[in-house]
Amino acid sequence: MDSAKNKTALITGITGQDGSYLAEFLLGKSYRVVGLCRHRSAMKVKNLNHLVDKVEVVECDLSNSSLMMDLIRRYQPDEIYNLASQSFPGESWHKAIETGEITGLGAHRLFEAVRQTKPDCRVFQASSSEIFGAAGERSQNERTQYKPVNPYGAAKLYAHSIARMYAESLDMFIARGILFNHESPRRGIHFLTQKVAYGAACISLGIKNSLTLNEQGEPIVADGKISLGNLDARRDWGFAGDYVEAMWLMLQQDKPDEFVIGTGQSHTVREFCSTAFGSVGLTTKDHLRVDQRFLRPAEASPMIADASKAKDILGWTPKTSFTAMVEMMVNYHVLTLRDEMSGKLKR
Ligand code: NAP
């Protein structure tokens, strides 16, 4: 399984959290890595800074079918990882059409481009636990019913269904990873976990009003507090660096299949906050504010992955604990903020 020399992988969403971890992982296996990003200026984003000399980055929006076909013809990839997406479930209520267009139809355009240009190429589709939504079961596996509760979940379910249909009816190799939440210091700043990690770091350094803004355009830390939605929401949070290995493993199997990927442990938002604040010697008391604007119109059931199929068939299990992952995120912000503060003092 390790003899991947000379293989070419194409990654959509290379500038995102998973794109950068996956690129590192595949470079470590001697792949030629070609990344697709939607804006050329995005090549400067921080997740990719350390990789710009190692990966080839080309511009391609998932709305552009003909360009996707041109790139597949040009690079002749052995594997394609479709990570590009409007990936923010909460935000998908405000960007409902764009979410359907890119997260749903964009994936379909890619599968169709592969079918027309290189049907033997192996494809990974990043599905999401959000397709389960309000399924209401204690834990979720590949047999759980789909009941998305937001436009993001619905768009992911469309892409997931088309991917399975193309694999089963057209004999294409499209594997589906039903990914539960996974986080890292490279997570987008508007995601809850990243706001909490950044907020805890700011407050521990005495920053009462942060420069970085939330999705409402307000400081993430205001008057020494961070504003969040439902503190009792329960999620299964893993480390992104572990999840990209599962993506690769799915494309090394004999047949395309679908796998739930998660840790099997769940925590509430409140517990995430306590762990983050605890890692810098603080408690959450006086630092959290519940803000109705961050509540979702419909809340998903508690999410807990039953990833036993991935363990049995792929031999995959997560390596990083919840606490280690949260500490990694807070520590990243503490170091970055300290650098910024000392840079300012020197100037
Ligand atoms: P992410 O950090 O938000 O990255 C998404 C990527 O998609 C970014 O590179 C973004 O480009 C790109 N993109 C957005 N719109 C595009 C368009 N119109 N055309 C081309 N590219 C576009 O997401 P992630 O956390 O790495 O997640 C990777 C994949 O896994 C996504 O499909 C996500 O929905 C799915 N997933 C993630 C999780 C999770 O917890 N992280 C869980 C389940 C499923 P810009 O840099 O230009 O914005």
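Everything numeric here is computed off the predicted structure, so don't read it as measured data. Every number for a ligand or one of its atoms is a count from 1 in the order of the listing.
For the pair Arg186 and ligand 1, no heavy-atom separation below 4.0 Å is found. Using 4.0 Å as the threshold, Glu101 has no heavy atom nearer than that to any atom of ligand 1. Within the 4.0 Å heavy-atom shell around ligand 1 one does not find Ser129. Under the 4.0 angstrom criterion for non-hydrogen atoms, Phe191 is not in contact with ligand 1.
Classified by interplanar angle (parallel below 30°, tilted 30° to 60°, perpendicular above 60°), the ring pair His160/Tyr146 is perpendicular. His287 and Phe277 have parallel rings, their planes meeting at less than 30° on a 0 to 90° scale where 60° marks the start of perpendicular.
Residue contacts with ligand 1: Ile102 is placed with no nitrogen or oxygen under 3.5 Å of a nitrogen or oxygen of the ligand (distance criterion only). Residue Asn181 has no N or O atom closer than 3.5 Å to an N or O atom of ligand 1. Considering both main-chain and side-chain atoms, Asn82 never comes within under 3.5 Å of ligand 1 through any nitrogen or oxygen pair. Considering backbone and side-chain N/O of Lys156, one or more are found under 3.5 Å from N/O of ligand 1.
Proximity of Cys60 to ligand 1, defined as any heavy-atom pair under 4.0 Å, is confined to the backbone N, CA, C and O atoms. The backbone of Ser127, and not its side chain, has at least one atom closer than 4.0 Å to an atom of ligand 1 (non-hydrogen atoms only; backbone = N, CA, C, O).
Selection from Met247, Arg235, His182 by nearest heavy atom to atom 39 (C) of ligand 1 gives His182. Checking Phe124, Phe180, Tyr152, Tyr81 against atom 34 (O) of ligand 1, the nearest heavy atom belongs to Tyr152. When the heavy atoms of Gly238, Gly153, Ala126 are ranked by distance to atom 30 (O) of ligand 1, first place goes to Ala126. Proximity annotation for atom 24 (P) of ligand 1: of Asp18, Thr12, Leu36, Asp18 comes nearest, heavy atoms only. With Leu22, Leu83, Val244, Ile178 as candidates, the residue nearest to atom 29 (C) of ligand 1 on a non-hydrogen basis is Leu83. Looking at Ser128, Ser87, Gly13, it is Ser87 that brings a heavy atom closest to atom 23 (O) of ligand 1.
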Quiz item: Going through the checks in order, is the salt bridge (Lys or Arg N to Asp or Glu O under 4.0 Å) test met by Asp306 and Arg138?
Solution: CA-CA 10 Å; Asp306 167 7; Arg138 252 190 91 236; over 6 Å; no

Quiz item: Going through the checks in order, is the side-chain contact (heavy atoms from CB on, under 4.5 Å) test met by Leu67 and Asp61?
Solution: CA-CA 8 Å; Leu67 184 53; Asp61 195 290; over 6 Å; no

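In this structure, the side chain to side chain donor-acceptor pair (under 3.5 Å) partners of Gln194, at least two apart in sequence or on a different chain, are His333. Listed by chain and number, the residues in a side chain to side chain donor-acceptor pair (under 3.5 Å) with Thr212 are Tyr198 (sequence neighbours excluded).
The atoms of ligand 1 that sit less than 4.0 Å from any heavy atom of Arg187 are 25 (O), 39 (C), 40 (O), 41 (N). Counting atoms of ligand 1 from 1 in the listed order, those under 4.0 Å from a heavy atom of Thr15 are 8 (C), 9 (O), 11 (O), 45 (P), 46 (O).
For the pair Thr268 (side chain) and Ala233 (backbone), a donor-acceptor distance under 3.5 Å is absent.
For Phe173 and Tyr166, the distance between ring centers is not under 6.0 angstrom. When ring centroids are compared, Phe239 and His182 stay outside the 6.0 Å threshold. The aromatic ring centres of Tyr243 and Trp316 sit less than 6.0 Å apart.
Residue Tyr152 holds its OH atom at 9.5 Å from OG1 of Thr99, rounded to the nearest 0.5 Å.
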